[in-house]
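Each chain gets a letter, A, B and so on, in the order its sequence line appears, and its residues count up from 1. Since the structure is predicted, the reported quantities are computational estimates derived from the model, not experimental observations. Below, each value reflects all heavy atoms present in this structure, side chains not excepted, and no hydrogens, waters or symmetry copies.
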Amino acid sequence: MKAKRMLKLFAVLFAMTLTAAACGSGDSTSTTTSECGSDLAVAAGESVTDLSVALVAPSAKDDVAFTQSMVDSLTRLGIEPQITDGTFVVEEAAAAIRGYAEDGIDIIVAHGTQYGGSLAEIAPDFPETSFIWGTSADNQGIANVFAYYPEADQGGYVNGLIAASIAGADGIGVVGPVEAGDAVAYIEGFTLGAEAGGSSTSIVYTGSFSDVALATTTAEAHAANGVAVLTGTSQSAVGAVNVATANDLPWFGTQSNTEAWSSDLTVASQVYHWDVVLADMIEKIEGGTLGGEAMALTLENGGLVMEFNGCYDLDSSVKSDAEAAIEDIIAGEIATK
Amino acid sequence: MEHAPLLTMRNITKTFPGVLANDDVSFDVHAGEVHTLLGENGAGKSTLMKILFGLYQPDSGEIRLRGEVASITSPTSAIEQRVGMVHQHFMLVPTLTVAENVALGLPSNRGFRTDLDAVSERIVEISEQYGLSVDPSIEIWKLSVGERQRVEIIKALYRDAELLVLDEPTAVLTPQEVDDLFVILRQMTANGTGIIFISHKLHEVLELSDRITVLRNGKVTGDTTPSETNRQQLAEMMVGREVKLAPDKPHVDLGLARLQLRDVSVKGDRGTIAVDGVSLDVHAGEIVGIAGVSGNGQRELAETIAGLRPAESGSSVTIDDADLTKAGPARTRAAGLAYVPEERMKDGAVGEFEVSENLLLINHGDPKFRRGPLFDFAKIREHCQRLVDQFSVKTPSLDTPTSSLSGGNIQKLIMARELDSRPSVILAAQPTRGVDIGAAEYIHSELIEQRNVGVAILMISEDLDEVLGLADRIAVMFEGRIVTVIDREAATREALGLAMAGG
Amino acid sequence: MSQFFTVSVLVATLATAIKFAVPYLLAALGETIGQRSGVLNLGVDGIMLLGAFGGYYTVIQTGSHLQGILVGLGIGLAIGIVYAYVTVFLHAQQGISGIGIFLFGLGFSDLLFQELVGTPKPIRPLPTLDKLPGVGGIFEPLVDIDIVGPLLFDHNLMTYMAFLLVPATTWLLMKTTFGMNVRAVGENPQAADSLGVSVAKTRLIAILIGSSLAGIAGATLSLQLAIFQHNLTNGIGFIAVALVYFGAWRPRWVMAGALLYGLVTATRIRWQSLDIIPQGASDIAAMAPAIITILALVLLASRVRGPAALTRPFSRH
């Protein structure tokens, strides 16, 4: 049994190494370009583990944003988790997490910063269970909790740099949710990138992750102010994408690929591939380490991938500038925060 | 040949679980007469009227209207058969106008849209015919109680009522308003309307009625006319035994002023001045009656004296020279005040509490009821039993929930508790409102007894008969002020009535 | 700063406020009628969510906005029947029954969405006048008029309907026999009953009108935003109930409250987008609409008493 598992893991690692080698060195795993009109559905990968996995997440599993990115990542790892989604209410999530732990699930992914407090209570009660929690740069010092977080500022910088080349002096409108977590990191990185590219951002935090009406109103305000590009984050951003479509403004996405919402106007999306850190974590869990550290998604480790929309006709020099910037970020030559 | 009566109720019997509310009651009303239905609370008057108005169905017996057997199944069917009712608690919507209240429930001749202008015209016609002046476009909440009653009568007349039931219509009126009402009612009978008048105010009954039917315990105990009877007889028919309507009051020499009010001003619930500079002394050995239509500051004054409502600065309340202006209820009671509040079930007793608990409400902290840190229940029972016997509170046991007693017995219970504290001042607000004649008689004699032994009594009452029967001096309150203070010997009903209306 | 006070920005802010206020206004007007009859419905938000999903899904299936709105209405009507049965005929406590309706709407709309749609996909938004199929050309010159154009003509039909419903609601309440009955049963049901007005029937109809408008409000929201997702309303229904209270049960004041709420929201967003409000203050700014609207309406309307029989079930004995 154990040997078989090891074999499987070896196979996956081997495949990944091959892919990396085939694509050439370094940065190219950090960008992809979709074929215009292609289906964005994520293909299930070869399963990396026989351990049972459950996912608890705040928004819908197919929200084209935060929660879906995790579901897609698990799918890529060949994992079909039990899912409790839509638990904006922390108490409901806590009940679900505890329920999965009591049911003997091996790995419970608590996909929401706001679940940290509940985990601090629950995890010590189930020392045999591993909890994977994010986004957070700190595992709260609990032995059976892994934390994960995206260095969202990196992709934000790249998005901002590209956006500046389109917007120029007209500026870029940013629709932010709550001023916290990876939303802030993304928006600050984006602003640095935009400024490096000679443009500027106007930022509004609506105060809600989920209020589509407010996000819509905010995007309309930006549009009325005459910005040339829009970007935004959180599941409420769908409202802003609709405004971008209505006003024919290019859109930059983050967390998940937003081409599903705006196939013509999405220029690029920073996509979280949680699977990179998840694979590391699962490997450690199988090795008997149930937690104890925080892992970051970066452009370097392939946790952050810039996905360019093949339907959007982006100037090739801009794209190569962006790819150069990615290399510089990986090399540590550009500071994104 | 004589016309058939407008209404004939024949051999009506109605039982509720455990109660025979109407026992073979027969009653009729002719066009153009006022037929009074007299009886204590629970005598069966309101059951009989609810049957007439279609709210209850009788177990047996029949109702005939204009000689024809009538089936009255609901208030609507009563109205359709031209029976109108003015309820004691007005059935008016305060935020709607007079015209809207009158039109409510009737089809509009414009279909979906209201036809209030046509309704208003008709209201003005009716008003002029009966002298019921009222502005159809005004909201009910802006009207006085007397005006509201007129709206109720107009509502019935607008629906062409030939038979009108008035349930305790004078309870809330000033004597002048009562006179006005009687003029209107006589005008209606002159036009052929039959009126059923329900009241327990005997002099009014004698003044207005053509015929009087007395009910007791669900049975008719008397059928008479004003010329054949008098107040004493009527009261005895209601109670079923001899009654002393005017209690004997021996002469008592006045003592010192025990309760002194100086420039007392008080704000009401809405923050406006409700009591405006009242000064009054109540001496040992006298009953001072405060007469007035309710809502003229009596309740606020009583609450202030009891320490329940703060007075404005400059006011002064003293009992036996102790300044209680800023004292709360505990200190006021300790200074010798006994308080019988107006709302007996709200402020006087706790409905869910047992009789014994309510009897102990003000002195449960007394060391004599304690054994160590615990209640001495044997002693408490003994104490409560003594009070119940002494004040003849009719209760199945000391453990009975107070809310299941009758109004008169609850009031006796409160009196027992309050008087047992040997007060120097008694403040009694509406002491016999809604109380049967027997209990009222007892409460009155108890108050006079206290007066005779040197207690100072301030009695607030809207019932002029009560004030005239009990008080040694009478103060009239109007719009927060005491407008006049008259000795009993000099007081007449007319003069008091005028003062109560601010005249 | 000066940028904010240019006419075009002011006009755009006002236009945003008007558009933003529409779902609040529709729901609050319906709730006004219900509350005037003495029935509080805290389930407005749940009805809106179901109406929002129903409208959205209908547009996905048929492409017809009109059908979407009608489905929203139908859903509101259906839930209204349930709510009326529970509160009017079974005399259930209104507060908790409404919360039940809300929770049902929240959960069931999400379930339907997951089962029937899955990934949120944008639909064609409700067209503004100038984009109406066929007749849009007539309005195009109007929209281009300075100031008046964006304020009065750059809206979708539901916006006009919502604002026309304000005088219509006042008329219904004040000038019709039905409205008179509604006011009477909300104030003194015993009196209305004694005159043969059916309290149950009057309240039933008032509830049905209210819940239908809540359903329409939800459908309007999802069709305006051109999307549905979990808890799309984000509490609009609850704010609508609050607007009824603070608007003192008068349609005009309720409208004023909805507009003020919209205006403060629009202004706040715009000030933030122009950097007039610093980034760090965004959380406080997010609370401003609710606080300012409540304060303003409390100051205006605090003296007015609500329907005396509000939340009180009626039975004869």
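Between C/P313 and C/T87, every side-chain heavy-atom pair lies at or beyond the 4.5 Å cut-off.
Both the backbone and the side chain of B/A103 come within contact range of chain C, each with at least one heavy atom under 4.5 Å from a heavy atom of that chain. Contacts of B/R110 with chain C are absent, with no heavy-atom separation under 4.5 Å from either backbone or side chain. Interface remark: B/D115 contributes no atoms to any contact with chain C (heavy atom separation under 4.5 Å).
Under 4.0 Å is where a charged nitrogen must lie from a carboxylate oxygen, and between B/D269 and B/R299 at least one such pair does.
In this structure, C/F238 has its ring center at least 6.0 angstrom away from the ring center of C/Y24.
Side-chain polar atoms of B/D117 and B/S120 form no donor-acceptor pair below 3.5 angstrom. For the residue pair B/T13 / B/D59, no side-chain donor-acceptor distance below 3.5 Å is found, with atom types taken as modelled.
Chain B forms the most heavy-atom pairs under 4.5 Å with one residue out of C/V197, C/L195, C/L172, and that residue is C/L195. Each of B/T76, B/L92, B/L104 has some count of heavy-atom pairs under 4.5 Å with chain C, and the biggest count is that of B/L104.
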